[in-house]
Protein chains: 2
Amino acid sequence: MNTKNTNIDNQPLDFSLNVLKFLTPEEQVQIDKVQYSVSFNKGETIFKQGAPMPYVIVLKSGLAKVFLEDGKNRNIVLRITKPGEIVGGPGFFTDYKHHFSVTAIEDCAAHYIDVEAFKKLLLHNARFGLEMIAYLNNAHVKLYEKLKILTHKHMNGRLASTLLYLSNNIYNSEKFDTTLSRQDIADMSSMTKESAIRILKEFKTSGIISCQNNSFEIHDKYGLVNILENG
Amino acid sequence: MNTKNTNIDNQPLDFSLNVLKFLTPEEQVQIDKVQYSVSFNKGETIFKQGAPMPYVIVLKSGLAKVFLEDGKNRNIVLRITKPGEIVGGPGFFTDYKHHFSVTAIEDCAAHYIDVEAFKKLLLHNARFGLEMIAYLNNAHVKLYEKLKILTHKHMNGRLASTLLYLSNNIYNSEKFDTTLSRQDIADMSSMTKESAIRILKEFKTSGIISCQNNSFEIHDKYGLVNILENG
DNA sequence: TGTAATAATTGATATATATCAACATTAAAA
DNA sequence: TTTTAATGTTGATATATATCAATTATTACA
């Protein structure tokens with residue numbers, strides 16, 4: 001954290017963005033009082049796998065990578081998290097620890113919500129709890145997809161999947177600049193950065209994409225889908 | 001399904017086993033009325049990935065494998081499910097479809113609970129909902145572990161992990177007979193059956209385990225842990 | 001019980017992927 | 001700007017793992 005971290009000019013939560021919209025207006029006022037905002041610079045750690053989790057975090061602006069650390073030096077980037085998303089992970093109501101790390105890949109702002117206050121809301125508003133279950137289940141299904149891709153697809157397919165994810169889910173454009181490094185892209189695709197670079201070049205040579213430094217453009221989305229599905 | 005499938009002599013649910021214990025006595029009576037029991041022979045499909053999910057299932061007896069199908073011919077066995085465990089998967093409150101398949105690996109009996117009745121309980125009993133969230137989060141954390149092992153460990157480590165899982169979590173003994181085939185064990189470890197067989201032989205030769213047909217014995221559990229952690 | 005079908009095993013080989021080392025480029029800092 | 005550090009790129013090589021084909025053991029079943 002740095003000097004930008006402050007809750008002096010605290011920003012209100014945007015309740016339209018996520019399951020928090022299922023809170024009653026009174027509950028929303030109540031939770032807005034106990035939350036506070038923190039800013040992070042690109043590259044800063046928002047929280048760290050294994051650390052205790054006194055807060056549920058809702059990203060307010062910027063992008064962050066959510067990743068598993070394996071104790072050695074290889075990471076698995078599970079997803080990129082966007083504004084409005086709840087990042088607390090499955091730690092709550094189990095061991096109250098974070099089970100993944102989150103690092104800002106752009107300058108970020110995040111709301112911190114006390115986990116006990118959050119729990120109280122779940123205990124008093126069953127509808128909210130139900131929506132939370134739906135939200136968690138959704139994340140769970142996505143993890144199954146990831147597991148299938150990472151274990152049963154070859155490198156080309158895995159990298160195609162990563163590019164499609166970035167284009168469709170994160171940058172919402174066939175053309176995007178990213179602050180992700182080649183290593184990050186490799187960590188999203190479960191391969192070494194050397195392999196990621198080689199396959200990017202292959203894709204470039206075959207005209208499916210173009211990329212230079214941090215600028216990417218997907219020319220043939222169907223081609224990528226085909227590589228993902230058929231090898 | 002076969003002639004054993006019947007709800008004529010319906011068995012009552014055992015509420016001590018899982019999150020259902022957080023239901024009130026009245027709710028337990030209510031849910032016991034709408035549930036019914038079904039029996040499956042070894043090898044029978046309990047439910048199938050992609051199928052609609054009108055029921056949450058609680059295994060009553062026997063063991064079943066929970067696995068992802070990738071559309072081709074390779075499966076990922078996520079876990080073995082035991083009596084008392086809720087098997088409904090993350091389909092509920094998302095798309096009401098099953099996101100994995102479940103097949104009996106022994107003769108099984110299962111309780112079927114109407115998913116709408118289950119949902120109603122969640123809406124009326126927030127405590128139950130909270131425990132359900134904890135339960136789902138727990139499953140989520142385990143999936144992270146699996147993801148780490150399957151993507152960052154070599155075959156020896158992955159197979160060691162599978163053997164430890166069977167011994168510690170399923171059969172609760174260093175010595176166990178299993179109804180899992182070599183292919184199942186391979187599917188749990190994300191490798192081909194040929195590779196699984198070769199590594200089992202390696203483990204046998206080095207004296208860490210012995211196995212013949214369906215009988216396994218782990219002689220050096222610490223050795224397996226070491227292989228899992230260090231290669 | 002004998003026979004067919006299924007599962008387990010082994011070996012030879014091909015392929016996918018990581019590793020290592022060198023070098024180039026870009027970004028950061030003084 | 002110059003220098004340093006970090007990141008990206010390429011090629012050569014080693015290794016892990018899958019595939020294929022053949023053989024044997026086990027189970028189901030007529």
Side-chain angles (χ1 to χ4, degrees), chain A residues 2 41-44 65 70 72-76 103 105-106 149-162 177-205 209-216 227 230-231, chain B residues 2 41-44 65 70 72-77 103 105-107 149-162 177-205 209-216 227 230-231:
Chain A
N2 67 354
N41 287 328
K42 180 185 164 182
E44 286 186 314
K65 62 175 173 179
D70 73 353
K72 305 278 183 336
N73 38 10
R74 294 189 64 191
N75 298 326
I76 304 169
T103 297
I105 62 164
E106 299 176 351
I149 289 170
L150 293 188
T151 60
H152 282 355
K153 298 287 179 187
H154 286 177
M155 291 200 298
N156 288 29
R158 302 205 300 269
L159 190 65
S161 162
T162 295
D177 285 4
T178 182
T179 53
L180 290 163
S181 68
R182 294 295 188 269
Q183 183 66 61
D184 288 330
I185 289 170
D187 287 344
M188 294 175 79
S189 316
S190 192
M191 64 186 67
T192 60
K193 68 175 186 311
E194 290 96 328
S195 291
I197 287 164
R198 271 184 258 267
I199 295 163
L200 282 174
K201 197 180 172 188
E202 248 185 63
F203 287 178
K204 252 162 95 171
T205 304
I209 66 163
S210 57
C211 67
Q212 177 140 39
N213 303 331
N214 298 322
S215 293
F216 287 75
I227 288 168
N230 305 312
Chain B
N2 67 353
N41 287 329
K42 180 185 165 182
E44 285 187 315
K65 61 175 174 178
D70 73 353
K72 305 280 185 331
N73 37 11
R74 294 189 63 190
N75 298 326
I76 303 169
V77 173
T103 297
I105 62 166
E106 298 176 352
D107 290 354
I149 289 169
L150 294 188
T151 60
H152 282 354
K153 298 286 180 190
H154 286 176
M155 291 199 300
N156 288 31
R158 303 205 298 270
L159 190 66
S161 162
T162 295
D177 286 4
T178 181
T179 53
L180 291 163
S181 67
R182 295 294 188 268
Q183 183 67 61
D184 288 329
I185 289 170
D187 288 344
M188 294 176 79
S189 317
S190 192
M191 63 186 67
T192 60
K193 68 174 184 311
E194 291 94 331
S195 291
I197 287 164
R198 270 184 259 268
I199 295 164
L200 283 175
K201 198 180 173 188
E202 248 184 66
F203 288 177
K204 252 163 92 171
T205 305
I209 66 164
S210 58
C211 67
Q212 178 139 39
N213 304 333
N214 298 322
S215 294
F216 287 75
I227 289 168
N230 305 311

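Keep in mind that the numbers below use all heavy atoms, side chains included, and drop hydrogens, waters and symmetry copies. In what follows, every chain begins at residue 1, and chains take the letters A, B, ... in the order their sequences are listed.
Interatomic distance, CG of B:Leu180 versus OG1 of B:Thr162, reported as 10.0 Å (0.5 Å rounding). Distance check: A:Thr205 OG1 to A:Leu200 CG gives 10.5 Å after rounding to the nearest 0.5 Å. Rounding to the nearest 0.5 Å places CG of A:Leu150 at 11.5 Å from NE2 of A:His152.
Taking all atoms of both residues into account, the shortest heavy-atom contact from A:Thr179 to A:Glu106 is OG1-CG, 3.7 Å. In terms of heavy atoms, B:Met191 sits closest to B:Ile199 at SD-CD1, 4.1 Å. Shown here for B:Ser189 and B:Arg158, the closest heavy-atom pair between the two residues is O-NE, 2.8 Å. Residues B:Asn156 and B:Phe203 share a closest heavy-atom pair of O-CZ, 3.5 Å. When every heavy atom of B:Lys42 is checked against every heavy atom of B:Asp107, the shortest pair comes out as N-OD1, 2.8 Å. Closest approach of A:Ile149 to A:Ser161, counting heavy atoms only: CD1-OG, 3.6 Å.
Residues B:Ile76 and B:Asp70 have side chains not in contact (no heavy-atom distance under 4.5 Å, counting atoms from C-beta outward).
Counting only residues at least two apart or on different chains, the salt bridge (charged side-chain N to carboxylate O under 4.0 Å, His left out) pairs with a member in residues 177-198 of chain A are A:Lys65-A:Asp184.
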Walk me through whether A:Ile185 and A:Phe216 qualify under side chain to side chain contact (heavy atoms under 4.5 Å, CB included).
CA-CA 12 Å; A:Ile185 289 170; A:Phe216 287 75; 3.7 Å; yes
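Comparing B:Thr192 and B:Lys42 by the nucleotide of DNA chain D that holds the closest heavy atom to each, the one mapping nearer the 5' end is B:Thr192.
Summary of helix geometry: the two end axes of the helix from C:dT1-D:dA30 to C:dA30-D:dT1, each defined by five base pairs via their C1' atoms, are inclined to each other by 40° (rounded to 10°).
Using a 4.0 Å cutoff to heavy atoms of chain B, the contacted part of DNA chain C runs 5' to 3' from C:dA8 to C:dA12.
The stretch residues 178-187 of chain A touches DNA chain D through A:Ser181, A:Arg182, A:Gln183, each having a heavy atom within less than 4.0 Å of the strand.
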Hey, what are the protein-to-nucleotides 20-25 of chain D N/O distances that come in under 3.5 Å?
unit_1	atom_1	unit_2	atom_2	d
D:dC20	N4	B:Glu194	OE2	3.3

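Under 4.0 angstrom from either OP1 or OP2 of D:dT10 there lies at least one side-chain N or O belonging to A:Lys201.
Residues passing the side-chain hydrogen bond (donor to acceptor under 3.5 Å, both in side chains) test with B:Thr103, sequence neighbours excluded: none.
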